[in-house]
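Because only heavy atoms are used, hydrogens play no part in the values below, and waters and symmetry mates are left out as well, while side chains stay in. Here is the naming used below: chain letters follow the sequence lines, and residue numbers restart at 1 for every chain. The model shown is predicted, which means the values in this text are computed figures rather than measured ones.
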Amino acid sequence: MKLIVAPYDITYREDGNSVNIVLFGKDKDGRKVCLIDKGIDPFFYVQVDNESVIERIKKFAVTHQDREITVKDVEKVEKLISGKKIDLVKVICHLPRDVAKLRDGIKDAVLQTYEFDISFTRRYLLDRDITPLHYCNFEAKEIKSSFTIPTYEIESYAPTEEIIKDLNVMALDIETYAKEYNPEKHPILIIALSNMKYKKILTWKEIPAEHVEVCDSEADMLLRLAEILREEDPDMITGYFSDGFDFPYIVRRSRALGITLELGADGKGFRIGRGNESEVSLLGMPHIDIYKLVRKTVGMQLETYTYKLDDVANEVLGEKKHDVDLAKLGPAWDVHDKKLLKEFADYNLQDTDLTHRLFERLYPNLEEMVKIVGLMPYDVNRMAFSQLVEWFIIKQTKEFNEVILNKPVSQEVTGRKLERLKGAFVFKPTPGLYKDLVVFDFMSLYPTIITSHNLSLSSLRTGKKTYVNPDNQEIWFGDKPGFVATILERIITTRMKLKRELRKNPGDAMLKARIATLKLLANSFYGYLGFYAARWYCFECAETTTAFGRHYIQKVIKQCGENGFKVVYSDTDSIFISLGKKKQDDAHSFVEKINEKMPGLMELEYEGYYPRGIFVSAKDDSGGAKKRYCLADEKGKLKITGFEAVRRNVSQIAKEAQEHVFDLILNKHDEKSALTFVKKMVTDLKSGKVPSEKLIITTRLSKPVKEYDNVGPHVAVAMRMIERGENVGAGTMIQYIICKEGKVIRDKAKSLQEVDEGEYDPTYYIDNQLIPAVEKIFEVIGYSKEELLGEAKQTGLGSYFG
DNA sequence: TTAGATCGGGG
DNA sequence: GTGTACGATCTAA
């Protein structure tokens, strides 16, 4: 019969001495199905120096745990390694686990072995061009199986370009008795589940909240959770840091309670992957940890310095979590404080709601990565960028008939780690206040250098001067398109095509996500080429990339000068110029002129116009500070880089003051008001009327309190919190305010509970928070620290425009 | 200065 | 599952 299925999970099963691929997915009618592809052969390649070795390999066998492992067959194949022909022998095995054993037995008798560590299921998808989440036409017949869903045996298949929509995704979140991660000791108290159409709070004490279902015991609650997941049967499950907390906790707690959760297509429940960090899977129901997706997709663009759900949801969705004190959950549970427990139950459900909405928001990015890399969403969710790049390259090896290069052995890794790259070029700014700034930047500088100069392992030549790395005359790259440079070019051109489409449909969120994902992937290539564990590692390629980067930016800086633009600042791929007497149009024409001479895909872009900008001096007064500036655009929006206003560990008052000073100076052009404002703040602080919430300093305890030799303010506060019986350990965020009493800073620090309004130490907040945050800014416009403090007479300002 | 350890997220 | 993160930041040697 004919089936149109979008696969979203995969595994394999041994069947005697052969192996079957098992796919899970959803058909066009919304029915979950299992598809079995029988008799897929695992294999690896060897390079031999002598034909007679092939016959020996064919007869080779090892015994392992009473089972004789034999070679199923051998086959001569011709492939390419970095574009060069190579004769190889394909060694076909019976079972995936035989591959390592046979390779170990053979490797010393042959020149080289390849592709012995490529995951069987991943290879299946790539070799067959079956892209997860995309519908595939199958001819299949229904068969009996041990799986809990209808199972079919694949007879033939034909992939399509159509992607599945409307997946049913369930978000889950648990609340436990205590913060301490101890599933043997602390019970799970509440479990919340939600998606668009289903909301549920499971618990085992009566709580008067909506959607609550009270179970008889914790064990019953967990069994009921399994039942709900079976009944609702979502396509995917999601949570926030659920790989690291919720699911491992459920698994270990179930074990401690002696119960079995029958879940997944095989009924075997959650499986914890053993790694440095755990990961949890459910057969046939991909588990997406949104925390990992956040870090990979929008993490860099977020202003928040933490990836806590509260901060991320606040910034991405514009919604804060309920304000509850989770330290009170355990005690409230003990005394069955229904009113308080209701708050925790609501909070729990809200967490799943935020998680679900984050999933909805970020799913297009995951979908795009799946489309590009061709692996399952579960894997793509957890792969580091180097891995995504590598598997993207691996996917293309089939078309290019290239051999997948081996991972470096530990000796190679050691050597690679010693290689140091020379970084980017930075033009230090002259501290000052500037007007009419224009910023240029190179569109995808490193990726376009790699493609435009064909920087690939396969095109790398040494010892001859032809096509030159500007810094190293011994390295050059041939004209024949290299493998990695070619496939990177495809990513960049696809992205450019999508960008043109976006101009026609500016509101298309899906298109935006695709473009952003392609950018992330393209930008990862440079890092990948210099990443010690990369299969296609090429130090010379990475080194030449930054060399060309420095070369081109310096060339443009020079041309700026020749064309009457004053360069204020430059870092890596961007140049800040002040227009002076020139107009924005002149800057646009300049960019066009530059681009006429740029090779390949390289392109300088006009990033924007900023009426005002400020650059400050470095802390050590060694000149202008790198990566510390603030620009104001035509709408008055501030672009703050590197300052306290965008960093943690600083009180709110210092951050607010900094932002306000920037606004007054850059947007209102009112330096006097800025000075008055800071002076007023000094007075306010001195008078004791600044509210405590603006004075809180947050520091994280990095280890248990006892292990600190140097007792800093946060440690002193933590010690007293412990004395009061609060649960404080490594990782706890300590919030404190510096108060008047005491001689040293650790005695002056008080926790929020200990402090009264107005008890803070004005001197500390003036000298150590406020002034350092604004001092360098005022220095630029000619005011000294003393003037800010009202201790000196104002000196002449003069002209401070740079 | 370098090597080794810890941490992130989560109650 | 033909696998075992990673990069930043702190501490100890």
Side-chain angles (χ1 to χ4, degrees), chain A residues 10-14 19 40-45 91 93-104 113-124 173-183 185-190 239-250 271-279 281 283 289-296 299 305-312 324-330 332-333 344 347-348 351 355 375 379 382-388 391 404 407 417 527 531-533 700-704 707-710 727 729-733:
Chain A
I10 188 169
T11 186
Y12 70 89
R13 289 285 183 268
E14 289 177 6
V19 59
I40 310 296
D41 291 328
F43 62 88
F44 64 104
Y45 295 112
V91 181
C93 311
H94 293 280
L95 301 177
R97 61 189 160 107
D98 295 351
V99 172
K101 295 278 181 303
L102 290 172
R103 185 256 173 181
D104 283 346
T113 56
Y114 292 104
E115 304 198 11
F116 46 84
D117 59 352
I118 307 298
S119 149
F120 183 60
T121 53
R122 290 181 182 186
R123 157 159 276 161
Y124 173 86
D173 183 51
I174 67 169
E175 305 301 329
T176 60
Y177 184 79
K179 177 169 176 62
E180 183 199 355
Y181 183 89
N182 190 345
K185 191 170 151 200
H186 301 308
I188 298 169
L189 305 182
I190 320 173
Y240 199 88
F241 197 54
S242 40
D243 256 348
F245 184 74
D246 302 74
F247 286 120
Y249 208 102
I250 289 172
R271 270 189 26 190
I272 302 188
R274 292 177 301 159
N276 210 351
E277 188 183 277
S278 68
E279 52 184 63
S281 62
L283 192 65
D289 187 339
I290 279 299
Y291 159 70
K292 287 184 175 158
L293 202 56
V294 165
R295 295 194 64 148
K296 263 212 285 281
Y305 23 76
T306 78
Y307 290 115
K308 290 177 193 310
L309 177 58
D310 196 16
D311 297 323
V312 171
V324 296
D325 181 4
L326 278 164
K328 294 189 175 119
L329 173 55
W333 182 265
F344 290 114
Y347 163 87
N348 191 191
D351 266 12
T355 303
L375 300 180
D379 289 336
R382 289 161 181 78
M383 283 161 76
F385 272 109
S386 62
Q387 290 300 294
L388 289 169
W391 277 93
I404 301 171
K407 281 187 194 161
K417 280 182 176 170
F531 173 49
Y532 61 86
R700 206 175 52 82
L701 274 184
S702 62
K703 55 187 181 183
E707 290 172 30
Y708 278 91
D709 293 327
N710 297 331
N727 191 0
T732 310
M733 281 290 187

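- Distance check: L329(A) CG to E175(A) CD gives 6.5 Å after rounding to the nearest 0.5 Å.
- For the P atom pair drawn from dG3(C) and dG7(C), the interatomic distance equals 22 Å after rounding to whole Å.
- Phosphate proximity of dT2(C) to S119(A): present, with a side-chain N or O under 4.0 Å from OP1 or OP2.
- The distance between atom CD of E279(A) and atom C1' of dG10(B), rounded to the nearest whole Å, is 17 Å.
- Straight-line distance from the CG atom of D104(A) to the P atom of dT2(C): 16 Å, rounded to whole Å.
- Residue S386(A) places no side-chain N or O under 4.0 Å from the OP1 or OP2 atom of dA5(C).
- The listed nucleotides are dG11(B), dT2(C), dC6(C); the one nearest the side chain of T176(A) is dG11(B).
- If you find the closest nucleotide of DNA chain B to D351(A) and to R295(A), the one lying nearer the 5' end belongs to R295(A).
- Taking atom CD1 on I404(A) and atom P on dT2(C), their separation rounds to 13 Å, with Å as the unit.
- Atom CH2 of W391(A) is separated from atom P of dT2(C) by 9 Å (rounded to the nearest Å).
- For the pair W333(A) CH2 and dG11(B) P, the interatomic distance rounds to 16 Å; values are reported in whole Å.
- Distances were taken from every side-chain heavy atom of L309(A) (C-beta onward) to each of dG3(C), dG10(B), dC6(C); the shortest belongs to dG10(B).
- Distance CZ (R97(A)) to C1' (dT2(C)): 12 Å, rounded to an integer number of Å.
- Spacing between atom CD1 of I174(A) and atom P of dG11(B) amounts to 8 Å, rounded to whole angstrom units.
- One finds the CG atom of D98(A) at 7.5 Å from the CD atom of E14(A) (value rounded to the nearest 0.5 Å).
- Proximity of I174(A) to F245(A): side-chain heavy atoms (C-beta onward) are separated by under 4.5 Å at one or more points.
- When atom types are taken as modelled, the side chain of E279(A) and the backbone of G273(A) share no donor-acceptor pair closer than 3.5 angstrom.
- Of the C1' atoms belonging to dC6(C) and dT2(C), the separation is 24 Å, rounded to the nearest Å.
- Whole-Å rounding puts the Q387(A) CD to dA5(C) C1' distance at 9 Å.
- Among the nucleotides dG11(B), dT2(C), dG10(B), the one closest to any side-chain atom of Y181(A) is dG10(B).
- The side-chain tip of R103(A) points at the ring of F116(A) from less than 6.0 angstrom away and within 45° of straight on.
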